[in-house]
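So that the names make sense, note that chain A is the first sequence line, chain B the second, and so on, each numbered from 1.
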Amino acid sequence: MSGAQEEPTHPPEDELVRNRRENLRRIVESGCDTHLYKYPLSATISGVVAEHGGSSSEDLQRDTPVISTAGRVLAQRNQGKAGFLDLSDGRARLQVYVRRDVVGEPAFELYRRLDLGDWVGVEGEVFRTKTGELSVKARTLTFLAKCLRPLPEKWHGLKDVELRYRQRYLDLAVNPESRAVFETRAAIVRAIRRFLDARGYLEVETPMMHSIAGGALARPFKTHHNALDLELYLRVAPELYLKRLVVGGIEKVYEINRNFRNEGISTQHNPEFTMLEFYQAYAEGADLMRLTEEMLAEVVSEVAGNLKTPWKEGTIDWTPPYHRRTMRVAVSEATRSDGRGEVTREEMASADGLMAAAVRFGVDRPERFRGQKGKLLAALFETVAEAGLVQPTFLYEFPTEISPLSRRSASDPEFADRFELYIAGMEIANGFSELNDPEDQAERFRTQAQDRAQGNLEAAEYDADYVEALEYGLPPTAGEGIGIDRLTMLLTDRHSIRDVILFPLLRPR
RNA sequence: GCCGGCGUAGCUCAGCUUGGUUAGAGCAGCGGUCUUUUAAACCGAUGGUCCAGGGUUCGAAUCCCUGCGCCGGCACCA
């Protein structure tokens with residue numbers, strides 16, 4: 001052990017690393033250039049597999065393709081004066097057949113000194129071995145980079161979830177299904193952009209650093225700007241800036257970007273997460289429900305090739321139209337055949353009735369919400385109905401009390417023209433007709449400010465600058481946010497948000 | 001934040017219930033045989049801070065306590 005010279009945070013060199021350094025030394029000694037700047041590829045490994053994967057041995061003999069490609073060595077099977085490498089580009093694997101009498105002694109010495117994880121380039125003929133494996137018969141083998149540390153095991157891969165998150169590069173190197181998750185994630189974002197761009201939405205970027213953290217009820221992260229000596233917050237939502245842009249006349253606008261919320265971490269929550277938010281002038285909530293169905297159907301069929309996708313033991317059917325339930329109907333339905341007795345519409349009409357129902361169905365600490373009908377109803381919904389909404393379901397008629405930025409419903413001001421989309425028991429989207437009355441908005445901010453003064457750190461601060469923007473006139477507008485991480489979870493059948501975020505937040509080691 | 005589970009070789013895992021030689025296996029690595037193998041095969045020799053610290057005991061990977069990390073659930077939230 002080399003001990004004292006090592007940086008304390010760096011794992012010490014053990015015998016396995018020494019062996020690999022020795023192999024590198026021998027490669028250098030054999031005259032191999034270990035500092036190449038580039039390597040010319042005629043195709044990637046997955047490209048070669050895609051192009052020739054369907055070709056028979058006879059096809060390849062008749063018209064022998066010669067290719068050059070490169071990747072990471074993931075397996076080596078020696079046969080004395082010949083041998084096989086499995087090369088990976090993270091998406092596909094390709095076998096390389098190396099014969100000493102073909103590549104010559106110097107290159108074969110390189111072959112002998114390769115370790116799993118090394119990067120090499122290969123140039124040669126595509127053929128099939130007698131067991132039918134698509135392979136490249138190396139004419140030349142080129143060293144590209146050394147892997148000085150041992151890679152996780154070839155057969156079981158890397159399973160330790162902590163290592164998969166902390167050292168995602170290892171996960172990606174050996175677990176192709178992990179790479180596929182992030183390919184899918186990118187395809188989802190691409191499909192959403194294409195959908196919105198085609199309909200005339202303008203993609204924008206608004207500030208991540210806010211002097212007032214608004215647009216959602218959440219605790220923000222604090223930071224500080226030195227030159228301006230300014231306390232700033234990482235944004236919890238882009239909402240108020242996007243609506244300022246609608247005031248400015250951008251009738252259709254969207255942003256796909258990160259939000260930051262200083263709250264708990266769970267399988268569905270990461271402190272930074274990605275949201276699509278979009279706004280459309282002259283539209284109401286119901287228009288966005290229809291648009292959302294259309295968008296998700298298009299995104300899903302593009303990404304999955306099918307409108308039915310697997311989720312846990314079952315299937316999610318993304319075929320529109322989606323179910324639609326008011327929050328109160330969802331609560332009634334969920335409690336209808338429950339021995340504790342259905343929560344009726346009459347019960348939900350009064351704070352006392354809601355409190356009784358909350359107690360009856362075991363809402364956690366219901367006294368927190370005493371006298372607050374909206375919060376009681378929402379808590380009741382979350383307790384009895386949320387987890388049961390597996391197939392895509394729009395929930396609508398939200399209490400105005402918990403919707404400080406939404407417009408009141410025309411028929412009943414106690415409720416807002418707001419909806420949320422639930423899939424697999426998770427909230428995927430949240431949309432509403434935007435409050436565009438500056439007086440009402442000012443009043444809602446005042447209510448939130450009171451709430452905040454009473455210690456609710458999630459309540460909003462009064463945003464005078466935003467109220468001023470509304471005074472210049474926000475046309476009737478509907479807006480919506482869709483959680484990209486959760487959508488990715490659904491389409492990859494991953495049950496933790498950390499599996500769809502490349503580097504989820506963990507405590508530093 | 002609370003409750004529960006887990007932490008053994010580079011990786012994947014046994015062993016812990018019921019304390020008892022020097023802690024095991026597979027893969028990887030090392031030395032050898034092998035020119036169409038594919039979890040290649042075969043022969044040989046290796047590799048350990050049993051998460052950390054403390055306690056109980058003649059004796060602790062194993063039992064107890066504390067701490068750290070991760071996972072799951074709850075709370076908060078999207």
Side-chain angles (χ1 to χ4, degrees), chain A residues 1 11-20 22-23 57 74-86 93-103 108 111 115-117 127-135 137 147-167 170 174-175 215-219 236-237 259-275 277 363-365 368 378-379 382-383 386 402 420-422 426-430 456-458 481-487 489 495-498 504 506-509:
Chain A
M1 295 292 158
E13 284 203 6
D14 63 5
E15 188 193 349
L16 298 174
V17 175
R18 282 201 306 277
N19 289 339
R20 284 165 178 255
E22 174 63 13
N23 280 333
S57 187
L74 287 189
Q76 187 170 22
R77 295 176 290 280
N78 299 323
Q79 296 270 319
K81 298 180 188 65
F84 299 89
L85 297 172
D86 285 352
R93 278 188 181 215
L94 181 62
Q95 176 169 271
V96 177
Y97 182 41
V98 184
R99 293 173 61 114
R100 190 173 70 168
D101 61 3
V102 175
V103 299
F108 200 69
Y111 168 83
D115 288 299
L116 299 189
F127 76 110
R128 281 191 189 278
T129 62
K130 66 184 182 192
T131 53
E133 176 86 9
L134 188 72
S135 307
K137 187 179 289 176
C147 177
L148 288 173
R149 293 185 177 277
L151 232 44
E153 202 228 1
K154 62 179 176 182
W155 181 245
H156 298 92
L158 182 62
K159 288 196 169 165
D160 184 312
V161 287
E162 187 174 352
L163 287 184
R164 289 206 302 116
Y165 300 151
R166 286 192 195 276
Q167 293 179 280
L170 295 180
V174 303
N175 295 332
L217 308 182
R219 297 181 65 172
V236 296
N259 291 341
F260 307 86
R261 299 190 184 173
N262 202 343
E263 282 163 358
I265 294 177
S266 78
T267 50
Q268 291 175 43
H269 302 85
N270 193 62
E272 51 181 307
F273 62 103
T274 302
M275 282 258 284
E277 278 204 18
V363 169
D364 184 58
R365 294 172 289 142
R368 288 178 294 171
E382 280 161 25
T383 304
E386 184 174 23
I402 58 166
E420 287 185 346
L421 176 62
Y422 283 84
M426 284 193 288
E427 183 190 332
I428 297 302
N430 175 19
N456 182 356
L457 295 172
E458 280 119 45
I482 295 181
I484 300 298
D485 314 273
R486 290 182 180 179
L487 186 57
M489 287 169 66
H495 311 141
S496 169
I497 200 168
R498 291 177 214 107
L506 299 180
R507 261 200 177 78
R509 251 279 140 83

| said: Let's test your reading of the model: under 3.5 Å, does the base of B/U36 pair with the side chain of A/Thr131 as donor and acceptor? | reply: no
Under 3.5 Å between N/O atoms: give me all the protein pairs with nucleotides 69-73 of chain B, atom names plus distance.
| residue | atom | partner | partner atom | Å |
| --- | --- | --- | --- | --- |
| B/G69 | OP1 | A/Arg507 | NE | 2.7 |
| B/G69 | O3' | A/Arg166 | NH2 | 3.1 |
| B/G69 | O2' | A/Glu162 | OE1 | 3.3 |
| B/G69 | O2' | A/Glu162 | OE2 | 2.4 |
| B/G69 | O2' | A/Arg509 | NH2 | 2.9 |
| B/C70 | OP1 | A/Arg507 | N | 2.8 |
| B/C70 | O4' | A/Glu162 | OE1 | 3.0 |
| B/C71 | OP1 | A/Arg498 | NE | 3.4 |
| B/C71 | OP1 | A/Arg498 | NH1 | 3.2 |
| B/G72 | OP2 | A/Arg498 | NH1 | 2.8 |

| side-chain hydrogen bond (donor to acceptor under 3.5 Å, both in side chains) partners for A/Ser496, two or more places apart | none
| request: Please list, chain by chain and in numerical order, all residues satisfying ring pair (Phe, Tyr, Trp, His ring centres under 6.0 Å) with A/Phe108, sequence neighbours excluded. | output: A/Tyr111
| field | Partner residues of A/Arg261 under the side-chain hydrogen bond (donor to acceptor under 3.5 Å, both in side chains) criterion, sequence neighbours left out | value | none
| Base partner of B/C50, which must satisfy Watson-Crick or wobble distances under 3.5 Å | none
Could you go over nucleotides 3-5 of chain B and give all protein N or O partners under 3.5 Å, atom names and distances?
none

| Can you name the salt bridge (charged side-chain N to carboxylate O under 4.0 Å, His left out) partners of A/Arg20, sequence neighbours left out? | none
| field | Under 4.0 angstrom between A/Arg368 side-chain N/O and B/C76 OP1 or OP2 | value | yes
| message | Could you work out, with side-chain contact (heavy atoms from CB on, under 4.5 Å) as the rule, every residue matching A/Met275, not counting sequence neighbours? | response | A/Asn259, A/Phe273, A/Glu277
| Looking only at side-chain N and O atoms, does A/Asn23 come under 4.0 Å of OP1 or OP2 in B/C30? | yes
| task | Please identify each residue that fulfils ring pair (Phe, Tyr, Trp, His ring centres under 6.0 Å) with A/His495, with sequence neighbours left out. | result | A/Trp311
| said: Counting only Watson-Crick pairs (N1-N3 plus N6-O4 or O6-N4) and G-U wobbles (N1-O2, O6-N3), all under 3.5 Å, who is the partner of B/C6? | reply: B/G69
| Qualifying residues under side-chain contact (heavy atoms from CB on, under 4.5 Å), relative to A/Arg77, sequence neighbours excluded | A/Ala75, A/Phe84, A/Asp86, A/Gln95
| task | Examine the base of B/U37 for any acceptor or donor lying under 3.5 Å from a partner atom in the side chain of A/Gln79, and report the outcome as yes or no. | result | no
